[in-house]
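Whatever order the structure lists them in is the order used to number ligands and atoms, beginning at 1.
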Amino acid sequence: MIMEDLVALCKRRGFLFQSSEIYGGLNGFWDYGPLGVLLKRNVKDAWWRDMVESHNEQKIETGAPSTYEMTGLDCTIIMHPQVWKCSGHYDLFHDYMIDCRESKRRYRFDHVRGRWVTGLKHGEGGAAAVEQKVFITTMETEDVQTALDAAAGHYFGLRKKDMDTLKWEGPIAGITDMTSFDEVVGPDAKRPGTLTEPREFNLMFKTIVGALGGEDDAAFLRPETAQGIFVNFKNVLDSTRVKVPFGIAQIGKSFRNEITPRNFTFRSREFEQMEIEFFCHPETSQQWYQYWRDRRFRWYTEMGLAGERLRLREHEQAELAHYSCGTADIEYAFPFLPEGEFGELEGVAHRGDFDLRSHMEGKLVRQGNELVLEKDAAGQVRHRGSGKDLSYYDDQRKERFVPHVIEPSSGADRATLAFLCEAYTVDQAPTAEKGEDANRTLMKFHPRIAPVKAAIFPLVKKDGMPELAADLYGELKEYFHVQYDEKGAIGRRYRRQDEIGTPFCVTVDGQTLTDGTVTLRDRDSLEQWRVPKSKLADELRARLK
Ligand code: ATP
């Protein structure tokens with residue numbers, strides 16, 4: 001699949017628009033159009049329904065060590081600044097960036113890729129050419145070597161036919177392997193040595209609360225929804241009858257000032273997360289971790305991401321965050337990534353008691369096998385916790401403990417993007433009419449997330465068919481998101497619906513007038529069959545599950 005084709009379809013049919021496009025757009029921000037809003041809402045609804053609403057706390061789910069309960073929260077985006085100090089985000093949530101003095105661009109250090117190359121560099125004003133060796137760079141892309149070829153050709157001023165005079169050395173690598181920045185040619189630079197050394201850059205957006213605007217009023221937009229759940233742990237316990245093990249789910253916006261937002265909505269600065277914090281006894285935490293890892297992986301397959309493009313990857317010990325006893329990523333081979341590479345859809349982490357303890361005691365750091373309070377040079381606790389007791393008393397076991405936490409954390413926008421990529425299909429059009437492209441573009445969305453569930457057409461605009469179709473449309477609209485279309489040839493109308501992933505088309509035709517049946521057409525198999533009007537809603541309901 002060519003990513004540009006999908007991006008173009010998303011814009012043309014109203015799935016996604018660049019934010020503030022009429023002003024030239026704002027990098028890292030995206031708006032969902034009329035169809036996109038339906039698609040994303042369906043993704044979030046399916047997640048909430050499957051994880052929270054339809055979860056049966058009376059039954060042991062496949063692979064779970066016991067029954068459990070689920071509940072929800074909707075917390076604020078701006079929280080007390082101390083939250084981020086204790087969670088570690090204030091000190092640790094950063095990426096390294098480098099700036100280019102020449103192009104004035106900024107890059108995420110770990111996203112720059114380069115390779116040594118030697119060539120003849122022509123001097124300015126006709127001066128003699130001299131051999132030069134530089135480290136040519138580009139931003140990580142689908143095909144790094146092709147991008148490096150272009151950059152080197154540009155740098156040395158070569159024509160296509162002279163490209164083989166370049167001598168490449170060593171593997172493609174990051175700048176980390178470099179000794180000197182003086183020999184690096186930045187991704188958009190014309191000269192070597194214009195990149196700055198890497199600097200830390202905190203990814204949290206800062207804002208001011210209240211009118212005074214001093215440093216004391218500084219607050220942050222949340223970079224994850226999870227912390228709202230931890231700080232409300234006691235409130236949920238005190239206001240409901242839930243008992244450990246239980247999970248709290250939340251869907252909401254998060255903000256990260258990503259240095260290089262890119263790859264469509266994959267890395268945005270404003271995005272939505274769907275997170276669960278699952279609280280359990282330390283002794284069963286490993287079993288719960290495995291349960292959630294497998295449960296969440298299964299969810300993506302149930303929603304249509306089956307196949308080799310989806311994988312579950314357990315982190316190596318060295319990759320784990322300092323508090324984690326296990327993390328697995330659910331990853332998808334997005335088409336904009338280099339062949340064989342995967343991008344994270346969701347992280348499932350065993351976080352131990354790190355979060356609840358941090359909000360009780362203060363910011364924790366690892367010392368050997370222990371998590372201890374971080375102290376400054378004068379021996380004072382660096383960031384104090386709330387001092388509130390966030391432990392749990394299990395009245396059956398007669399035991400008090402700080403629950404361990406399993407966190408399945410996914411991105412609504414990344415999931416939506418994966419569903420868009422997976423759905424995009426081009427096949428031979430069965431109904432190509434004169435002048436029409438023989439290829440049919442269709443979005444094979446799972447019926448649960450398809451933005452439009454069915455389209456209602458009168459075959460022709462006469463003989464009472466439009467009136468009948470409009471009545472049917474009105475009836476179905478009560479239950480499903482449906483569309484009415486009477487413009488153009490029927491083949492074209494089918495094509496329009498295929499392109500936005502509508503699973504079913506309903507046609508009112510001559511036979512409807514005599515026997516009250518309509519034609520139902522399946523988007524993927526193209527099969528057509530007749531259904532009595534009165535049974536249409538039931539038929540659709542059964543097939544849209
Ligand atoms: P990455 O390594 O890709 O930056 P991460 O490991 O920092 O991701 P988490 O902190 O684990 O991501 O966030 C949980 C989920 O939130 C991710 O799996 C992803 O689906 C989503 N997410 C995180 N950052 C972004 C972003 N900038 N844009 C869109 N979704 C995001």
Nearest neighbour of atom 2 (O) of ligand 1 from the list E346, E344, E407, on a heavy-atom basis: E344

Among R414, R262, E224, closest by any non-hydrogen atom to atom 19 (C) of ligand 1: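 Residue with the shortest heavy-atom distance to the ligand atom: R414.
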
Who's the nearest protein heavy-atom neighbour of [atom], and how far?
atom: atom 22 (N) of ligand 1; answer: F271 CE1, 3.5 Å
atom: atom 14 (C) of ligand 1; answer: S409 OG, 3.0 Å
atom: atom 21 (C) of ligand 1; answer: G411 CA, 3.8 Å
atom: atom 4 (O) of ligand 1; answer: R267 NH1, 2.8 Å
atom: atom 28 (N) of ligand 1; answer: S268 N, 3.0 Å
atom: atom 29 (C) of ligand 1; answer: F266 O, 3.1 Å
atom: atom 16 (O) of ligand 1; answer: Q273 NE2, 3.2 Å

Check ion pair [X]-[Y] (N to O, under 4.0 angstrom):
X: R256; Y: E270; answer: no
X: D91; Y: R382; answer: yes
X: R105; Y: D99; answer: no

Salt bridge (charged side-chain N to carboxylate O under 4.0 Å, His left out) pairs, two or more places apart, involving residues 220-235: none

R313 atom CZ: more than 12 heavy-atom contacts under 6.0 Å: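 Atom CZ in R313 is crowded, with more than 12 foreign heavy atoms closer than 6.0 Å.
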
Contact atoms of ligand 1, heavy-atom distance to L345 under 4.0 Å: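 Taking each heavy atom of L345 in turn, ligand 1 has 18 (O), 20 (O) under 4.0 Å.
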
Under the ring pair (Phe, Tyr, Trp, His ring centres under 6.0 Å) test, residues paired with Y107 that sit two or more places apart: none

4.5 Å side-chain heavy-atom contact, F181 and P198: yes

Mode of R256 contact toward ligand 1 - side chain, backbone, both, neither (heavy atoms, under 4.0 Å): side chain

Rounded distance (nearest 0.5 Å) linking atom CD of E344 with atom CZ of R267: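 Reported value, rounded in 0.5 Å steps: 9.0 Å.
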
